[in-house]
Structures are given as structure tokens and as C-alpha cells.
Amino acid sequence: MDLGQISEYCYNLTNSYLEITNQSQVIADTQDAIRLTKRYFLQDIFPRWSPLSSEISFSYNGGKDCQVLLLLYLGCIWEFFLNSLQDTQYDRQYHKYPLRSLPTVFIDQEETFATMEDFVASTSERYCLSLYESLRGDGRKLSMPEAFELYLKSHSETKAIVIGIRYTDPYAADLKTIQPTDADWPDFLRLQPLLHWKLSNIWSFLLFSNEPICGIYGMGFTSVGSIKNTLPNPHLNVDRTGKPSLLFQWEIAHAFGKAEGQHDQVNVSKVSRKDLALLKGSNGKYLPGWYLTDDSLERAGRIKSC
Ligand code: ATP
């Protein structure tokens, strides 16, 4: 699929989720969350910075939150494109989609799981990302602000960057949907239209989407940092959970475009051998990340640095 086709696909996927009726409270809440995110993009953001130019970049690391936001962003760009054609006299098929790839920035800061690296590479192709990968400094770790500064130097047309942060993330409680960077950061606008999403909304939409989900989440991870600071979430250890209940059975069984006979399968990416060997060392077996819906426990697998 080219960028126009995957954008249209994400537009249809989002509409399909919004059309679900008479389902769980989680789905109803997630539909509200999607409507608000769409409003931010289509009414507040796109009229100021066109997503069809290079003014907006997307920050992407293959994590579940930025993947959800990317699916919604692509769908909204398609809707914006359709809206822009309303006053023209020719049919849509005579208009070429103006973008071939999506400006995207990945700060390759610390040693990440090989599964995650593979996932970033495969989804970059699937979503037609023009992925800028920041270089690790020569021997010295670049800070996030330094890495973004380098990005902006080589992408000087960038005015704003879309970020998949949520209120429940650390230090995020007071953030705003659109805000300038802090004084010690390079100057750009942070676009944060996912702030109001809860963990259960993320899983409900992502599992319904039937898009590939990074395999590391299938191994009991719920939020992924570097290899050095992330373990499977202890609250998903099968010895601790007792009889697990899954909130998203309906989403998995009725996932978008799912083929017959695949009802219980979740579309996770392959876990790399390197990570499988690494995980042999962690204690016991873990349920997949989507069994955890308590926002306050999402980062329980992260090891705090002293
Ligand atoms: P998870 O919490 O499961 O790891 P996530 O990576 O999407 O999912 P966070 O880790 O909370 O979410 O990060 C918030 C957002 O910040 C991401 O969605 C992404 O937009 C941005 N971000 C985080 N790390 C990076 C990175 N290394 N490069 C580019 N953007 C990043």
C-alpha cells in the first residue's frame, strides 16, 4: 500500500470502530476518546499546520501509544485530504494524494529490544514512514533535547511534532494538547492529542485494529523502555494473577478485516531470538500486556534508576 492507501485504510478502520454499537463501556469510552482526538487534529491542529506539507513530524518508537496515535493520525490526514477536495470540480480519482511518505522521527537513544527494532523497521514500511533515526553520539549518549535539535537542523521546515504521551505517563498530568517545548529544549510545538486516553482505550482500539502489535507486548511487557530498565510486568506473572479475565475478547473476535477461523488470534510481530534468550532469565510465565488495564500499574515493569 502507498501512503494514500494506508491512510484511507486507517480512515475506514477508525470509522468501523466508531460504528460499533451496543458493546462494552470500554468501547463506548474509547469511541469518545477517538472523537476528541479527531477533533484536535481536524479542527485545532490541521488548520494551523498542514499535515500534507512537512510542517508536522510524528515521533515514533514502535510503542503501543504512538502506534494507536499513528493509526488515528493517518485516518485524519485522509479525512483532511477528502475535505480539501470538496470545493474542486473534479472527482477524487483525479486528485493525487500529495504526500508519498510521512515525516517521522525516532530517537535511537538507548539499547532497545531487537523485537522492537524489527517492529519499527517493518511498520515504517507498512505505514510509509520517512523515518529519521537519530545517531547515538560518538560514545556519548545524546540527550533527548540534543537529539531533537539535530533532527530540526536537518528538517528545518518542521514546526510541530506529534507525540503519543498520555496524562497517566510520568510528569504528564499538566500537559496540554498543543504547547511549546520547555526552555531547555529546541523550539517546536508539541502536539499531544492522546493525553486523555486510558490504558484500556489503547488496548481496545489496538486489538480491534488487527494491525501488527509489537511482539514484546505479547511477552508480558506493558510499557517498553531500554533493555536495561524494562522487565515483563510483575502483575502479569501467571503465578500472581490467578484466573485471568480479558476485557477485550469482543475486539479480538471481531477485529477489523479478520479472516474466518482466526477469531482468537492476536496479530503480534515475531519475537526475536535474541529477546527470547534474554527473557529466559525472567522469573516465570507472563500473560500478554493487554491483560493489564490498571493505568497505575502500567510501568511496574520499569526498573527505576537511582
Ligand atoms: P509504551 O508506554 O508502551 O512504551 P509508547 O512508547 O508509545 O508506549 P511512551 O513510552 O509513554 O509511549 O512515550 C510517549 C511518546 O513519546 C511516544 O508515543 C512517542 O510519540 C514519543 N517517544 C518516546 N520515546 C521516543 C523515541 N525514542 N523516539 C521518538 N519518539 C519517542
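Read the numbers this way: they start at 1 and go in the same order the structure lists the ligands and their atoms. Throughout, numbering of the chain's residues begins at 1 and tracks the sequence. FYI, side chains are in, hydrogens and waters are out, and symmetry mates aren't considered; it's all heavy atoms of this structure.
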Does any N or O in the side chain of Thr14 come within less than 3.5 Å of the main-chain N or O of Leu72, such that one atom is a donor and the other an acceptor? no

Side chains of Glu19 and Asn15 only: does a donor on one sit below 3.5 Å from an acceptor on the other? no

Closer than 4.0 angstrom: is that true for some heavy atom of Gln67 and an atom of ligand 1? no

For atom 4 (O) of ligand 1, what's the nearest protein heavy atom and its distance? Val224 N, 2.9 Å

Return the closest protein heavy atom for atom 10 (O) of ligand 1 as residue, atom name and distance. Arg299 NH2, 3.7 Å

Decide if the gap between the ring center of Phe41 and the ring center of Phe46 is smaller than 6.0 angstrom. yes

Evaluate Val105 for polar contact with ligand 1, using N/O atom pairs at a separation under 3.5 Å. no

Ligand 1 atoms in contact with Ile163 (distance to a heavy atom under 4.0 Å): 15 (C), 16 (O), 20 (O)

Any Thr222 heavy atom less than 4.0 Å to ligand 1: yes

Do Glu298 and Ser223 have a side chain donor and acceptor closer than 3.5 Å? no

Checking side chain to side chain donor-acceptor pair (under 3.5 Å) between Gln192 and each of Lys176, Gln179, Arg166, which is the one that passes? Gln179

I want to confirm something. Looking only at heavy atoms, which of Gly63, Cys214, Cys66 is nearest to atom 18 (O) of ligand 1? Cys66

Nearest protein heavy atom to atom 30 (N) of ligand 1, by residue and atom, and its distance? Ser59 CB, 3.4 Å

Please confirm whether Ile107 comes within less than 3.5 Å of ligand 1 when only nitrogen or oxygen atoms on both sides are compared. yes

Within the structure, does Asp169 bring an N/O atom to less than 3.5 angstrom of an N/O atom in ligand 1? yes

Quick check on atom 28 (N) of ligand 1 - does any protein heavy atom sit closer than 4.0 Å to it? yes

Return each pair, listed once, that meets side-chain hydrogen bond (donor to acceptor under 3.5 Å, both in side chains) where at least one residue sits in residues 210-220; pairs must be two or more places apart or across chains. Arg126-Glu211, Tyr127-Glu211

Those residues that, when tested against Val271, pass side-chain contact (heavy atoms from CB on, under 4.5 Å) (two or more places apart): Thr115, Met219, Asp275, Leu276

I'd like to know whether CG of Asp294 has more than 12 heavy-atom contacts from other residues, nucleotides or ligands below 6.0 angstrom. yes

Could you check atom 12 (O) of ligand 1 against the protein and tell me its nearest heavy-atom contact, residue, atom and distance included? Asp65 OD2, 3.3 Å

Measure from the side-chain N and O atoms of Thr181 to the backbone N and O of Pro186, and report whether any donor-acceptor pair falls under 3.5 Å. yes

Under 4.0 Å from any heavy atom of Tyr60, which atoms of ligand 1 are there? 29 (C), 30 (N)

With respect to Tyr151, which candidate in Ser57, Ser59, Ser134 satisfies the side chain to side chain donor-acceptor pair (under 3.5 Å) definition? Ser57

Atom 14 (C) of ligand 1 - nearest protein heavy atom and its distance: Gly164 O, 3.8 Å

For Phe106, the atoms of ligand 1 under 4.0 Å from one of its heavy atoms are 28 (N), 29 (C)

So is Tyr217 touching ligand 1 or not, going by heavy atoms under 4.0 Å? yes

Under the criterion side chain to side chain contact (heavy atoms under 4.5 Å, CB included), which of Asp295, Thr30, Val26 is the partner of Ser200? Val26

Of all heavy-atom pairs between Pro47 and Asp44, which one has the smallest distance, and what is that distance? CD-C, 4.0 Å

List the closest protein heavy-atom neighbour of atom 2 (O) of ligand 1: residue, atom name, distance to the nearest 0.1 Å. Ser223 OG, 2.9 Å

Taking atom 23 (C) of ligand 1 as the reference point, the nearest protein heavy atom with its distance: Asn61 ND2, 3.6 Å

Please classify the Arg190 to ligand 1 contact at 4.0 Å (heavy-atom distances, strictly less than): side chain, backbone, both or neither. neither

